[in-house]
Amino acid sequence: MENLTLEGSAKTPTVSFDSDNGVLELKGRSIPENSIEFYKPVINWLDSYITDPNHHTLLVIKLEYFNTSSSKCLVEILRRLESLKEQSIVKVKWCYEEEDEDMQESGEDFKEIIKVPIEMVLVREN
Amino acid sequence: MDKVFEIYKQLEEKNVLLSFKGMITSELLTTILQIMESKMDHMDEKPKVKRKVFNILVECLQNLYHHIDQEDIVHVPTEDKSALLMIAKGDGEYTITTGNYMKSSDMEVLKTKLDLVNGMDKDELKAYYKKVLNEGSLSSKGTAGLGMIDIARKSGEKLDYNFTSINEITTFFSLAVKIAE
């Protein structure tokens, strides 16, 4: 299947989902007014990926900001990965910057809701 | 023309960094966020405070944006289809104030939600946020019902609000969110 690449904007993240190596990355800002619209192709891609996934799937979430409407879509994405468990070894890396307690806490929230391993990764500011 | 100076003085006294009254569009939100980001950079604001102000501002603005969307069914005069936004920085805290018309019939639901959120401590807010995140679904507009919970959680202060009745069908809603430095 084709890889999914979306260039980031002021309100939407950079998406690079690679089906060949199973590495899926979300980076930047996710604050669109209507996140359903933005995440539709992302969810669609995942729906097709989970039918024939890589042996390993790694989702890297490295968001600087995300709004509450995006957080719902992140749950949708993580739910897709939950369903993968038997066919692929799934891992999620939740990156947060030093002193960004809110982003760290958000990661913890997802960790408690989602049944795939979420590793918290502290990223030092440039 | 005296009025202009009056308005200026009021904004000055309240340490207003940015104020806007008018239609809330997607492009406007982008611009307001850019302006506030560069202002805070300029003021050498702590990254932690910057992030909090930005996050809360996003949710406040998007509440206004989605509200305006609804207003076609409210039948208020065209000039009333606008909202107010004010960002002030005074004594060690930021205050984000918003004001907008809403349907009077929606007031009770919103008031109940605000009182519920205001009655919760940090841990209760976290648990409530997680519950809504886990269970709820998105509306067709992409709103999650998480906005006020998130604002209260990040602010760490009680949400100050007021409803001003305009007539039977229309009410003016004002909200002030404080962010301590």
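The chains referred to below are lettered A, B, ... by the order of the sequence lines, with proteins before strands, and numbering in each begins at 1. What you see is a predicted model, and the numbers here were worked out from it, not measured in a lab.
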Asks: Are there more than 12 heavy atoms of other residues, nucleotides or ligands under 6.0 Å from atom CD of B:Glu93?
Replies: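 Yes, because the 6.0 Å sphere around CD of B:Glu93 holds more than 12 heavy atoms from other groups.
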
Asks: When you check the side-chain N and O atoms of B:Glu59 and A:Asn67, is any donor under 3.5 Å from an acceptor?
Replies: no

Asks: Could you pull out the closest heavy-atom pair between B:Lys50 and A:Tyr65, with the gap in Å?
Replies: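 Minimum heavy-atom contact is O-OH, 4.1 Å.
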
Asks: Does any heavy atom of chain A fall under 4.5 Å from the side chain of B:Leu33, the backbone, both, or neither of them?
Replies: side chain

Asks: Which residues from residues 7-17 of chain B are near chain A, with near meaning under 4.5 Å between non-hydrogen atoms?
Replies: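 The stretch does not come within 4.5 Å of chain A.
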
Asks: Is there a path of hydrophobic side-chain contacts, each under 4.5 Å between heavy atoms, that joins A:Val75 and A:Val60?
Replies: no

Asks: Kindly indicate whether the side chain of B:Gln62, heavy atoms from C-beta on, has any atom under 4.5 Å from the side chain of A:Thr68.
Replies: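 SC-SC contact between B:Gln62 and A:Thr68 ruled out.
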
Asks: Applying salt bridge (charged side-chain N to carboxylate O under 4.0 Å, His left out), name anything that partners A:Asp109, two or more places apart in sequence or on another chain.
Replies: B:Lys126, B:Arg153

Asks: Pick one: which of A:Glu98, A:Glu101, A:Glu99 meets salt bridge (charged side-chain N to carboxylate O under 4.0 Å, His left out) with B:Lys48?
Replies: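 Among A:Glu98, A:Glu101, A:Glu99, the one that satisfies the salt bridge (charged side-chain N to carboxylate O under 4.0 Å, His left out) with B:Lys48 is A:Glu101.
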
Asks: Go through A:Glu64, A:Glu108, A:Glu105 and name the one with the most non-hydrogen pairs under 4.5 angstrom from chain B.
Replies: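 Ranked by heavy-atom pairs under 4.5 Å with chain B, first place is A:Glu105.
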
Asks: Please determine whether residues B:Ile32 and B:Met86 belong to a single hydrophobic cluster, defined as Ile, Leu, Val, Met, Phe, Trp and Tyr linked transitively by side-chain heavy-atom distances below 4.5 Å.
Replies: no

Asks: Taking a hydrophobic cluster as the set of Ile, Leu, Val, Met, Phe, Trp and Tyr residues connected by side-chain heavy atoms closer than 4.5 Å, whether directly or through intermediates, do B:Val177 and B:Val49 fall within one such cluster?
Replies: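 Cluster IDs for B:Val177 and B:Val49 match.
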
Asks: Which bit of A:Glu112 is near chain B, if near means a heavy-atom gap under 4.5 Å: side chain, backbone, both or neither?
Replies: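 The answer is the side chain of A:Glu112.
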
Asks: Identify which part of A:Phe38 has an atom lying under 4.5 Å from any heavy atom of chain B, answering side chain, backbone, both or neither.
Replies: neither

Asks: Could you tell me whether a side-chain N or O of B:His66 sits under 3.5 Å from a main-chain N or O of A:Glu33, the two making a donor and an acceptor?
Replies: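 Indeed, once roles are kept as given, a pair shorter than 3.5 Å links the two residues.
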
Asks: With the side chain counted from C-beta on, respond yes when B:Tyr129 and A:Ser71 share a heavy-atom pair under 4.5 Å apart, and no when they do not.
Replies: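 The answer is yes, as the side chains (C-beta and beyond) meet within the 4.5 Å cut-off.
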
Asks: I want to check something: taking the side chain as every heavy atom from C-beta on, are A:Phe66 and B:Val58 in contact at a cut-off of under 4.5 Å?
Replies: no

Asks: Is the CG atom of B:Asp121 crowded by more than 12 outside heavy atoms at less than 6.0 Å?
Replies: yes

Asks: Looking at B:Lys52 and A:Asp102, is any side-chain nitrogen of the basic one under 4.0 Å from a carboxylate oxygen of the acidic one?
Replies: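 Answer for the salt bridge query: yes.
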
Asks: Quick check: is A:Leu58 connected to A:Leu4 through a chain of hydrophobic side chains (ILVMFWY, heavy atoms under 4.5 Å apart)?
Replies: no

Asks: Could you tell me whether A:Lys40 atom NZ has more than 12 heavy atoms of other residues or ligands within 6.0 Å of it?
Replies: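 Open.
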
Asks: Please check: side-chain N/O of A:Lys72 versus main-chain N/O of B:Leu133, any donor-acceptor pairing under 3.5 Å?
Replies: yes

Asks: Nearest 0.5 Å, please: how far is OG in A:Ser69 from CG in B:Leu146?
Replies: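 Output value for this atom pair is 9.5 Å.
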
Asks: In terms of hydrophobic clusters joined by side-chain contacts under 4.5 Å, are A:Ile89 and A:Val92 together?
Replies: no

